[in-house]
Amino acid sequence: MYTQMVDVEAAGAAGEEQRRFDEKLDRGITIEPKDWMPDAYRKTLVRQISQHAHSEIVGMLPEGNWITRAPSLQRKLILLAKVQDEAGHGLYLYSAAETLGVSRDELTEALLTGRAKYSSIFNYPTLTWADVGAIGWLVDGAAIINQIPLTRCSYGPYARAMTRICKEESFHQRQGFDVMVKLCAGTQEQKAMAQDALDRWWWPAVMMFGPPDSASPNSEQSMHWKIKLFSNDDLRQRFIDQTVPQADALGLVIPDADLRWNAERGQYDFGAVDWDEFYRVVRGDGPCNRDRLRARIDAWEEGAWVREAALAHAEKRARRSADATEAGSAA
Ligand code: BYC
């Protein structure tokens with residue numbers, strides 16, 4: 001009898017919390033770390049934000065491959081700055097995930113043991129300098145389209161991290177486009193290199209937005225919670241509509257025979273995406289999955305002494321400051 005009464009009360013309290021949470025979502029008030037939130041909302045955010053953080057960190061690798069081979073000092077400086085920005089994005093995002101009660105070590109372990117996902121796009125190789133241009137233009141272009149709505153997502157720390165990230169992403173995209181402009185205005189060989197990079201990066205960039213809405217298990221709930229504001233297919237269409245005129249301006253051909261303007265819809269129609277390839281890459285069987293993971297594991301292992309030294313230093317400072325406080329209060 002008593003137990004039952006307690007249950008009803010608890011359910012009533014939870015119902016009240018849920019009602020306040022729903023009201024905040026309705027009124028566009030952000031949810032903050034100490035606010036009550038449904039467990040599933042918290043879990044979804046940890047999943048998405050950590051996958052996003054891992055993508056930034058793994059995303060440093062394909063372009064990092066070209067830092068030592070950039071064609072000029074200026075290009076090298078720009079690329080260094082971009083890759084450093086990506087490390088910073090990873091850090092903002094890991095910090096946002098930590099506000100949900102997971103530790104950085106747990107997240108890192110999930111990445112290094114292959115349990116966590118990261119964006120499929122970073123499992124493709126960067127074979128020529130033009131790939132650096134194509135990544136900035138297409139991959140960062142796709143990232144901006146996906147991430148601008150996230151600046152208005154319902155979870156405050158994620159939304160605020162995204163505001164800062166998006167500002168830097170727009171610089172990244174412009175640097176990529178600028179590389180493509182230069183190559184396309186160069187020799188025939190340079191232009192062919194730019195076309196080859198577009199041929200290889202186009203479809204993986206189209207896939208970045210995730211599976212079609214009809215096969216996206218998380219979309220409906222995430223849109224209800226206002227984590228996602230637009231569906232995968234809507235954002236994919238936006239990316240294609242924005243990018244086709246840019247390819248035209250460069251004088252490059254998008255590798256899709258079915259791509260054409262649909263005046264009735266006011267959007268481009270495009271060909272079938274090879275979703276088998278997408279799932280293969282997401283499952284770990286892309287051209288570079290093993291290399292990417294190996295590089296992250298090596299970096300983690302080689303960085304162990306830095307983490308140990310930083311921890312020892314922090315402990316020493318904490319001990320000294322505690323000793324000083326004790327001495328002060330004894331005096
Ligand atoms: N790759 O139900 P869905 C960057 C997974 S960083 C791998 O639609 P959701 C940059 C998905 O996780 C770019 N996996 O999921 C960095 C889910 O698996 P689980 C990263 C993918 O979450 C450096 C399953 O498929 N951007 O731009 O509702 C240099 C079903 O999908 C992918 C972000 O992370 C994929 N492409 O929607 C340059 C943005 N797509 O977890 C550039 C934030 C889907 O159920 N994330 N999956 O096992 C998002 O906006 C959403 O998480 C997604 C997927 C649109 C990506």
Side-chain angles (χ1 to χ4, degrees), residues 40 43-65 79 82-90 92-93 96-97 110-111 114-124 126 131-151 153 155 158-159 161-162 165-166 168-173 175-176 201 203-236 238-239 273 275 277-286 289 292:
K43 248 177 134 171
T44 290
L45 280 169
V46 170
R47 178 184 66 79
Q48 178 165 329
I49 301 173
S50 61
Q51 285 176 3
H52 195 164
H54 300 325
S55 304
E56 296 284 354
I57 299 299
V58 176
M60 296 167 70
L61 299 169
E63 290 166 290
N65 182 33
L79 186 57
K82 179 183 192 283
V83 172
Q84 273 178 354
D85 282 351
E86 280 147 13
H89 297 175
Y92 309 154
L93 289 163
L111 173 67
R115 274 187 293 120
K117 291 195 170 73
Y118 58 85
S119 185
S120 48
I121 192 83
F122 301 118
N123 292 309
Y124 292 86
T126 40
D131 290 8
V132 171
I135 291 182
W137 172 36
L138 301 173
V139 177
D140 289 282
I144 292 171
I145 288 176
N146 166 266
Q147 293 174 13
I148 285 179
L150 292 172
T151 64
C153 82
Y155 188 56
Y158 192 25
M162 290 317 304
I165 289 174
C166 282
E168 293 175 353
E169 295 287 19
S170 81
F171 151 71
H172 294 176
Q173 191 201 13
Q175 72 81 34
W201 288 93
W203 288 109
V206 168
M207 291 174 196
M208 268 180 83
F209 295 88
D213 295 350
S214 55
S216 162
N218 301 298
S219 277
E220 193 184 340
Q221 184 61 67
S222 287
M223 288 180 78
H224 172 74
W225 280 325
K226 297 191 177 162
I227 295 172
K228 282 169 94 163
L229 301 187
F230 298 96
S231 78
N232 298 357
D233 285 335
D234 282 349
L235 294 174
R236 187 173 2 258
R238 207 175 284 188
F239 167 71
V273 179
W275 291 114
E277 174 180 327
F278 170 77
Y279 288 115
R280 220 173 26 247
V281 174
V282 171
R283 275 198 305 268
D285 251 339
N289 294 60
R292 300 296 183 235

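All ligand and atom numbering here is 1-based and tracks the order in the structure.
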Mind checking whether [X] has an N or O less than 3.5 Å away from an N or O of ligand 1?
{"X": "Glu169", "value": "no"}
{"X": "Glu63", "value": "no"}
{"X": "Lys82", "value": "no"}
{"X": "Ser120", "value": "yes"}
{"X": "Ser216", "value": "yes"}
{"X": "Glu86", "value": "no"}

Quiz item: cation-pi between Arg238 and Phe230, 6.0 Å / 45°: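 Yes, cation above the ring, under 6.0 Å and within 45°.
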Just let me know how [X] lines up against ligand 1, side chain, backbone, both or neither, with a heavy-atom cut-off below 4.0 Å.
{"X": "Gln48", "result": "side chain"}
{"X": "Phe209", "result": "backbone"}
{"X": "Gln147", "result": "side chain"}
{"X": "Tyr158", "result": "side chain"}

Please check if a non-hydrogen protein atom sits closer than 4.0 Å to atom 16 (C) of ligand 1.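 Within 4.0 Å of atom 16 (C) of ligand 1, protein heavy atoms are found.
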Does CD belonging to Glu220 count more than 12 external heavy atoms closer than 6.0 Å?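 Not more than 12 within 6.0 Å, no.
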On the 0 to 90° scale, with breaks at 30° and 60°, tag the Trp275-Phe278 ring pair as parallel, tilted or perpendicular.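 It falls in the perpendicular class, over 60°.
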Report the member of Pro212, Gly210, Pro211 with the shortest heavy-atom distance to atom 25 (O) of ligand 1.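 Looking at heavy atoms only, Pro211 sits closest to atom 25 (O) of ligand 1.
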